[in-house]
Protein chains: 2
Amino acid sequence: MITDSLIKFVPFSHDELNDILSHFEKECVQKNQVLIKEGQVCNKLYFVEQGIGRSYYLKKDGKEVTQWFFGVDNFMSSADSFFHQSPSFYYLEILEDSVLYSITKEKMDILLAKYHKMEKLIRLLSIEMFTKIVHKLNAVQFQTAKERYDYMLAEFPDISNRVPLGHIASYLGMTQETLSRIRNNVSS
Amino acid sequence: MITDSLIKFVPFSHDELNDILSHFEKECVQKNQVLIKEGQVCNKLYFVEQGIGRSYYLKKDGKEVTQWFFGVDNFMSSADSFFHQSPSFYYLEILEDSVLYSITKEKMDILLAKYHKMEKLIRLLSIEMFTKIVHKLNAVQFQTAKERYDYMLAEFPDISNRVPLGHIASYLGMTQETLSRIRNNVSS
DNA sequence: GTCTTCTTTTGACCTATATCAAAAAATGAA
DNA sequence: TTCATTTTTTGATATAGGTCAAAAGAAGAC
């Protein structure tokens with residue numbers, strides 16, 4: 001639930017929570033829908049109430065590279081694009097029929113200006129995103145393909161078996177052939 | 001200068017700036033000094049007024065892996081350890097005689113509670129760190145060794161020739177032999 | 001200035017994973 | 001159910017960059 005996730009970071013009062021939540025909108029989104037395309041400005045921050053999303057970008061050769069997965073109870077956005085209101089480098093896509101809560105950048109700015117605690121929330125959220133991406137970086141940079149897959153299973157236990165193998169392979173920086181072999185314990 | 005860097009993010013008043021700066025301490029640190037070791041809680045956030053620092057960690061085989069370089073006008077810390085006051089995964093080391101401004105976590109918390117704008121500053125700083133690490137991740141994950149070195153030259157133009165080659169190689173996820181060959185344009 | 005230590009370069013060889021190609025399996029539409 | 005499409009698996013081969021070893025060069029200590 002979104003309220004629980006908010007309270008987990010900052011102890012908002014009941015009234016504050018109500019005010020904050022009133023700035024969000026519920027959106028039901030179907031599988032395979034693309035929320036943001038490369039080049040567009042991402043004007044919303046989403047909270048995944050139900051379902052799975054991912055961000056990805058296209059390499060020059062046209063291949064998709066998954067950048068991140070967003071599972072239940074996580075905020076989802078093209079962070080840089082949202083906060084700087086700059087063209088997104090990434091696509092945002094929904095991988096299963098999902099229920100999202102979204103807030104626009106304008107409304108977020110209102111909340112950030114109104115509540116000191118809201119700034120704190122987003123600060124803590126940003127630091128958490130940072131920590132997670134550092135974790136991935138360390139996995140991707142210095143581990144074998146097998147170890148990277150183990151990292152994936154630990155970071156996204158509930159997602160690893162619900163999305164196409166190719167998405168996971170590109171997320172981990174390997175080909176899908178390699179990931180397929182890993183899953184089936186084939187040495188070469 | 002630290003004041004310019006602060007104002008660049010958030011428009012602090014003169015009085016606010018004075019108050020904030022009074023919470024920092026100037027530290028002159030000599031080359032090769034280690035500010036934080038793995039396992040210690042990083043209690044300070046540093047601003048590099050002059051010099052260069054880096055963060056690194058040790059792999060199980062004992063090899064050092066440079067995680068980040070901190071040049072002039074940048075904040076330096078073991079971010080996760082500082083903000084969560086948890087044991088640092090990284091070492092922080094000074095690579096040239098440097099002038100730093102430091103603030104303790106306690107004093108930072110005072111400022112964060114006192115000034116809404118301070119929360120905003122750290123939020124923006126966190127998002128910037130996030131953006132930079134994502135940039136590195138994309139470089140490391142999908143580019144050739146040569147392209148990764150080009151990324152390094154772009155991200156740290158003033159640093160690339162002042163630190164040992166081995167530090168840069170591990171930062172980029174390659175061996176120093178490979179980086180040496182790249183610098184000398186040897187194909188194999 | 002000489003010696004020691006640390007850093008960088010060069011060479012030979014090896015391996016993890018990529019690439020290419022095609023078969024097999026799963027999914028979804030009609 | 002059948003056909004078309006997408007996803008996954010399997011096999012054969014190639015290669016970027018790793019490993020190991022040693023020489024060359026640079027930097028500090030005395």
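Every chain is numbered from 1 and lettered A, B, ... according to where its sequence line falls, protein lines coming before strand lines.
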Can you confirm whether or not the ring centre of A/Y91 sits under 6.0 Å from the ring centre of A/Y56?
yes

Any side-chain N or O of B/T178 less than 4.0 Å from the OP1 or OP2 oxygen of D/dG17?
no

Let me know which of A/K105, A/H84, A/Q85 forms a side chain to side chain contact (heavy atoms under 4.5 Å, CB included) with A/V41.
A/Q85

Rounded off to whole Å, could you give me the CG-to-C1' distance for the B/L179 and C/dT9 pair?
12 Å

Tell me: CG of B/L95 to C1' of C/dT7, nearest whole Å?
15 Å

Take the protein atom NZ of A/K59 and the nucleotide atom C1' of C/dT19, then report the distance between them rounded to whole Å.
12 Å

Ring centers of B/H135, B/Y151 separated by less than 6.0 Å
yes

Please give, in whole Å, the distance from C/dT7 P to B/H167 NE2?
7 Å

Are B/V134 and A/I122 linked, directly or through other ILVMFWY residues, by side chains that come within less than 4.5 angstrom of each other?
no

Result for side chain to side chain contact (heavy atoms under 4.5 Å, CB included) between A/L121 and one of A/L112, A/I20, A/L6 points to A/L6

Taking DNA chain D as the partner, which of residues 134-165 of chain A come within under 4.0 angstrom of it by heavy atom?
A/P164, A/L165

Nucleotide C/dT17, atom P - distance to CG of A/L172 in whole Å
12 Å

Which whole-number value in Å describes the distance from B/N184 CG to C/dT10 C1'?
10 Å

For B/R183 and B/Y149, test the side chains for any donor-to-acceptor distance below 3.5 angstrom and give the result as yes or no.
yes

Between protein and nucleic acid, restricted to nucleotides 20-30 of chain C and to nitrogen or oxygen atoms under 3.5 Å apart, what atom pairs and distances do you find?
unit_1	atom_1	unit_2	atom_2	d
C/dC20	N4	A/E177	OE2	3.1

Flag the pair A/F70 / A/Y46 as yes when their ring centroid distance falls below 6.0 Å, and as no otherwise.
no

Nearest-angstrom distance from the residue atom CD1 of A/I182 to P of D/dT9
12 Å

Using the six-membered ring wherever Trp is involved, compare the ring planes of B/Y57 and B/Y90 and label them parallel, tilted or perpendicular (cut-offs 30° and 60°).
perpendicular

Give a yes/no answer on whether the side chain of A/S180 brings an N or O atom under 4.0 Å of OP1 or OP2 in D/dT9.
yes

Between B/M174 (CE) and C/dT8 (P), how many Å, whole number?
14 Å

Please report whether the ring centroid of B/Y171 lies less than 6.0 Å from that of B/F156.
yes

Go through C/dA18, C/dT9, D/dT8 for me and flag the one nearest to the A/T175 side chain.
C/dA18

Do the charged groups of A/R123 and B/E119 touch, with an N to O distance under 4.0 Å?
yes

If you measure from the Lys or Arg side-chain nitrogens to the Asp or Glu carboxylate oxygens, is any gap between B/K37 and B/E93 under 4.0 Å?
no

If we fit an axis to the first five pairs and another to the last five of the helix from C/dG1-D/dC30 to C/dA30-D/dT1, what angle do they make, to the nearest 10°?
60°

